[in-house]
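Everything on this sheet refers to the single structure shown next.
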Amino acid sequence: MLAGGGTFDDVQQAAAAWRTAVGAAAADSVPQPLDKAHTEALRCLVEVDLSEITIRGTESRAVWDEWFRALRRIHDLSNALQRHGSSLPTPLNLYQDIDITPTVEAFSAWLRQEHGEEPDPEAVDALVGEWLEGALPDTADSVSPHRIEHQLGLINDWMPDHPTTIGAKRLLPHWVRFLAQRTDLPDTAAAAALATLATLSEGGHRAAEHCRDVH
């Protein structure tokens, strides 16, 4: 999804605006030249959907200001790459042929090591499958308050009294801690994700303070 945008005088100015929008997680990020032979870093531009069917009606003014400009910039970039004998990555089907096995095995092994328990394989498969379905490859291990809110909403649509649903919800705090360790997530960001999970699980809403500088 298009999150925002703007017009800037140069790359450094644009990067500074991006770091401000993202928060602490982007504090040390700097622009790098694109290797035209390895354009996988641009996959998000291929998968972003700017068609009318994706309009929710709740988009910010910043998103609407950039809606058509973003689409034009993606086309311009694609044309520029083609002139240099390269191309944007080939679109993927993010909802089919997802290999959850490596992540399921890693999470199950972590549960055994950290908690000395044999996990419910159906609950683990369901949780990991829901988490990975539709996700860009390089966001598979990402965890944040926003993503917790989204994933818990999906799980709440499952059969509420089914053992797999109950088991997956019970595993969610462990899953957040597992991903936090796996990605060396800062303690403040991990705590924000866990706090959001606890609040939402009790029927509350994601609080703004849970998202400060941990996008």
Side-chain angles (χ1 to χ4, degrees), residues 1 3-4 18-29 44 47 56 58 60 94-95 98-215:
M1 295 173 56
W18 178 79
R19 284 192 293 267
T20 299
V22 173
D28 298 325
S29 299
C44 58
E47 305 295 345
R56 300 170 180 264
T58 57
S60 66
L94 302 175
Y95 295 89
I98 302 170
D99 185 8
I100 68 172
T101 301
T103 306
V104 165
E105 292 178 346
F107 182 43
S108 298
W110 182 87
L111 285 170
R112 296 186 191 99
Q113 179 179 347
E114 295 289 324
H115 300 282
E117 64 176 86
E118 188 63 33
D120 176 0
E122 292 186 4
V124 172
D125 284 359
L127 175 59
V128 174
E130 187 71 272
W131 190 270
L132 296 182
E133 186 178 62
L136 292 169
D138 59 352
T139 66
D141 294 337
S142 298
V143 60
S144 68
H146 292 76
R147 189 165 187 179
I148 288 292
E149 181 180 49
H150 175 71
Q151 294 293 333
L152 190 58
L154 294 175
I155 294 173
N156 283 336
D157 286 337
W158 299 358
M159 296 176 62
D161 298 326
H162 195 281
T164 299
T165 306
I166 297 171
K169 287 186 175 181
R170 185 182 68 82
L171 288 172
L172 264 172
H174 299 313
W175 174 249
V176 172
R177 295 186 183 95
F178 164 72
L179 292 180
Q181 289 185 21
R182 196 178 196 188
T183 59
D184 293 325
L185 195 68
D187 291 342
T188 53
L194 288 168
T196 296
L197 175 59
T199 299
L200 295 173
S201 298
E202 295 173 358
H205 301 280
R206 174 172 54 82
E209 60 264 26
H210 293 164
C211 306
R212 187 177 297 117
D213 290 335
V214 294
H215 297 344

If you round to the nearest 0.5 Å, how far is [atom2] of [Y] from [atom1] of [X]?
X    : Y    : atom1 : atom2 : result
D184 : L179 : CG    : CG    : 12.0 Å
F178 : T103 : CZ    : OG1   : 7.0 Å
K169 : L127 : NZ    : CG    : 12.0 Å

Worksheet item: Would one find more than 12 heavy atoms of other residues, nucleotides or ligands at under 6.0 Å from atom CG of D28?
Response: no
Discussion item. A quick test of your reading: do over 12 heavy atoms of other residues, nucleotides or ligands sit less than 6.0 Å from CD of E114?
Written reply: yes
Discussion item. Taking A135's backbone N and O only, do any of them form a donor-acceptor pair with T139's side chain (distance below 3.5 Å, no angle check)?
Written reply: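 Checked: no pair found.
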Discussion item. Under a 3.5 Å distance rule, please check whether S144 uses its side chain to pair with a backbone N or O of R147 as donor and acceptor.
Written reply: yes
Can you confirm whether [X] sits close enough to [Y] that some side-chain heavy atom of one is under 4.5 Å from a side-chain heavy atom of the other?
X    : Y    : result
V124 : V128 : yes
H205 : T199 : no
H146 : Q151 : no
P119 : F107 : no
L94  : L132 : no

side-chain contact (heavy atoms from CB on, under 4.5 Å) partners for [X], two or more places apart:
X    : answer
T183 : D141, L185
H150 : L154
E105 : T101

Item to complete: Could you check T196 against L200 for side-chain contact (heavy atoms from CB on, under 4.5 Å), going step by step and ending with a plain yes or no?
Response: CA-CA 6 Å; T196 296; L200 295 173; 3.6 Å; yes
Response to the item:
Applying salt bridge (charged side-chain N to carboxylate O under 4.0 Å, His left out) to E117 and not counting sequence neighbours gives R170
Item to complete: For R19, check salt bridge (charged side-chain N to carboxylate O under 4.0 Å, His left out) against everything at least two apart and list the hits.
Response: none
Discussion item. With side chain to side chain donor-acceptor pair (under 3.5 Å) as the rule and sequence neighbours excluded, what pairs involving residues 125-138 come up?
Written reply: E130-W158
Under 3.5 Å donor-acceptor pairs involving side-chain atoms of residues 159-166, not counting sequence neighbours:
from	atom 1	to	atom 2	distance (Å)
H162	ND1	T164	N	3.0
H162	ND1	T164	OG1	3.4
T165	OG1	M159	O	2.7

Worksheet item: What residues, two or more places apart in sequence or in another chain, satisfy side chain to side chain donor-acceptor pair (under 3.5 Å) together with Q113?
Response: none
Worksheet item: How would you list, by chain and number, every residue that makes a side chain to side chain donor-acceptor pair (under 3.5 Å) with W110, sequence neighbours excluded?
Response: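 Side chain to side chain donor-acceptor pair (under 3.5 Å) check on W110 returns Q181.
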Fill in: Inter- and intrachain pairs under salt bridge (charged side-chain N to carboxylate O under 4.0 Å, His left out), touching residues 149-160, at least two apart
E149-R206
